[in-house]
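Accompanying notes for the structure given below.
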Amino acid sequence: MRVRAADRLTAAAAAAAVAVAVVFAANVAAMEHDYGEALRKSIMFFEGQRSGRLPPSQRVMWRRDSGLHDGADDGVDLTGGYYDAGDNVKFGFPMAFTATLLSWSIIDFGRSMGPHLNDAIAAVRWATDYLLKATAVPSVVYVQVGDAFRDHSCWERPEDMDTPRTVYKVDRDHPGSDVAGESAAALAAASIVFRSRDPDYSRRLLDRAITVFEYADKYRGAYSTSLRPAVCPFYCDFDGYQDELLWGAAWLHKASRRREYREYIMRNQDVLGAGDSVNEFGWDNKHAGINVLISKEVLMGRDDYLQSFRLRADNFICSVFPGGGPSHPPQIQYSPGGLLFKQGGSNMQHVTALSFLVLSYANYLSHANHHVTCQGYTATSSQLKMLAKRQVDYILGTNPLGMSYMVGYGNRYPKRIHHRASSLPSVRAHPGRIRCKEGTRYYLNPGPNPNVLVGAVVGGPANLSDAFSDTRQQFQVSEPTTYINAPLLGLLAYFYSHPNLNN
């Protein structure tokens, strides 16, 4: 749940890190992982993050209903949705991004999910049901439920929340093109997921995506300008709202095939900065994702006039691919153990999001029988898939510590994650209310969390040393988030069905 910072590394240091990573990868290549089991658990994590009235199918049994009156003070129903991380606030910006990436994972890799597909679809619907509520009023988007400062001053279960459930919204007078654009992208992407499974729901999602995007584009501005005291520093929009407008238009074009969105993209790609931040992708910055998403159409022989997006997608690959040797090091850092690393908190959000883009683009290249030409070398689809696989394997335990960063997977994983519901006794174990400051002793307890949040992937190593401290006090490394797990679903699904990368 923390912001990212720009990364810089000298060419010599980058080359050295890559060289060590390649050696390490070769030494641990024999380690095998159960990608199907990891996929099942990564989907279960979302059940542990649910807000609202839990369904009979709930598998994370130590959770109970919570936030059942969200929105009531403002006369709206904002129950449901997800808590973003280890706190009890519902932040709309990262939740919408989570829904978009969950949907993209299913669109590209759903056929590889096997028996886990229905649970993944249910994870999407839990988010989109909420987003439909949050966008039900024309030209209004409810973007947050909960006073983040008051919430973060407490350590209490979501079932016990007694901090203000303040509702925050953007509207015509207080624009939020970023969060509205991302919400439109999420609704449009999800409409593709449900197109053949629930046509009525799919049409409802797409219709709402269209109206939300119209609001985002007509009333332009950043929501962190309109709502700065509430949303900053938690989910400030540091990179501007322009990328979310392109991102929303790209998903609307993919979902609707309407010419107007294609023309919008072409007309606005320069003014909205399509060429900015070639290797940035996450809840705050969509640039690399826009280029990869649109490039599929180009590689499939459609929309050739969008070649500029494919060129930028190629540049993204060259910036992250450690294949050029010392003469052409990547722009992204890699730890000695081979982990992709960007400075700032919660590094695994970068690992999973960027690896997802690498794998998706590799698939597009493979189907089109293309490769990426970088300065002095080429990157093939097979090499890109292996790069993504090494990142997934690192998360699952192929790393210098021999430690899985997914809770509940493997023999060794984080036991003291920064997560209120996981670290406090469950309602079943402790039926009495645990109030705001009464949870502090559990927060400070050096012992393992009593509730295992199966499938949660934590922020991971805080620097290039591959070291990790299993302590809930260091939220930058020990806190899981929904947007770490969302792109991981697609990665795990692919390697579940292609464990040896033979095809």
Side-chain angles (χ1 to χ4, degrees), residues 43-92 94-96 98-99 102 118-137 141-148 151 154 156-169 183 186-187 190 193-194 197-198 200-201 204-205 208 419-422 424-435 451-456 480-482 485-486:
I43 299 171
M44 277 189 67
F45 161 70
F46 289 94
E47 296 186 18
Q49 296 300 110
R50 283 171 169 168
S51 180
R53 193 173 300 282
L54 303 182
S57 59
Q58 176 80 7
R59 293 175 293 175
V60 181
M61 301 303 294
W62 48 267
R63 282 294 323 283
R64 291 290 186 270
D65 298 345
S66 62
L68 297 182
H69 303 289
D70 283 355
D73 290 345
D74 287 68
V76 292
D77 176 10
L78 293 176
T79 57
Y82 291 114
Y83 304 116
D84 72 300
D87 50 32
N88 300 322
V89 182
K90 291 191 297 203
F91 293 100
M95 193 193 308
T98 294
L102 283 172
N118 287 338
D119 290 327
I121 293 170
V124 173
R125 188 156 190 158
W126 196 267
T128 53
D129 281 352
Y130 175 82
L131 291 176
L132 286 171
K133 296 177 180 180
T135 58
V137 179
V141 179
Y142 290 93
V143 300
Q144 184 172 314
V145 180
D147 182 323
D151 177 271
C154 294
E156 59 186 349
R157 302 176 297 201
E159 295 85 356
D160 290 338
M161 284 186 292
D162 53 12
T163 54
R165 301 300 287 170
T166 312
V167 170
Y168 301 91
K169 66 181 179 181
S183 297
L187 293 163
V193 171
F194 291 100
R197 298 177 175 94
D198 190 338
D200 290 341
Y201 188 66
R204 185 182 174 202
L205 291 170
R208 184 65 56 79
H419 192 277
R420 287 157 176 77
S422 172
L424 290 157
S426 67
V427 173
R428 175 184 295 176
H430 189 293
R433 180 180 294 272
I434 301 174
R435 298 187 182 277
N451 307 307
V452 179
L453 185 59
V454 171
T481 69
T482 57
N485 271 56

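Please read these numbers as outputs of a predicted model, since none were measured by experiment.
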Test your reading of the model: is there a side-chain donor-acceptor pair from [X] to the backbone of [Y], 3.5 Å cut-off?
X	Y	value
D162	R435	no
Y168	F91	no
D160	I434	yes
Q49	A85	yes
N485	G455	yes
R157	A421	no
D87	D151	no
H419	S422	yes

Where L131 and A186 come nearest, the two heavy atoms and their spacing =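 In this case the closest contact between L131 and A186 is CD1-CB, 3.8 Å.
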V89 and A148: which non-hydrogen atoms are nearest, and at how many Å?
->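 Closest approach of V89 to A148, heavy atoms only: CG2-CA, 3.9 Å.
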Sole residue of R50, R64, R63, R53 in side chain to side chain donor-acceptor pair (under 3.5 Å) with Q58 |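 For Q58, the side chain to side chain donor-acceptor pair (under 3.5 Å) check succeeds only for R50.
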Taking K133 as the fixed residue, which of D70, T79, T128 is the one that meets the side chain to side chain donor-acceptor pair (under 3.5 Å) rule?
->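 The single option meeting the side chain to side chain donor-acceptor pair (under 3.5 Å) with K133 is T79.
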Using side-chain heavy atoms (C-beta onward) and a distance below 4.5 Å, is [X] in contact with [Y]?
X	Y	result
R208	L132	yes
M95	D84	no
K169	V143	no
D65	E159	no
T98	F46	yes
P425	W62	no
R59	D119	yes
F45	V454	no

In terms of ring plane angle, is the pair Y82 and W126 parallel, tilted or perpendicular, where the classes change at 30° and 60°?
->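 Y82 vs W126 ring planes: tilted.
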Does the pair D73 and V167 meet the rule for a side chain to side chain contact (heavy atoms under 4.5 Å, CB included), with working shown?
-> CA-CA 8 Å; D73 290 345; V167 170; over 6 Å; no
From OG (S51) to CG (N88), nearest 0.5 Å =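 Output value for this atom pair is 8.5 Å.
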Which value, rounded to the nearest 0.5 Å, describes the distance between S183 atom OG and Y130 atom OH?
->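 That separation rounds to 9.5 Å.
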Salt bridge present between D198 and R125 (N-O < 4.0 angstrom) |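 Here D198 pairs with R125 in a salt bridge, since their nearest N and O are under 4.0 Å apart.
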Heavy-atom count around R433 CZ within 6.0 Å, excluding the residue itself: above 12?
->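 Yes, the 6.0 Å shell around CZ holds more than 12 heavy atoms from other groups.
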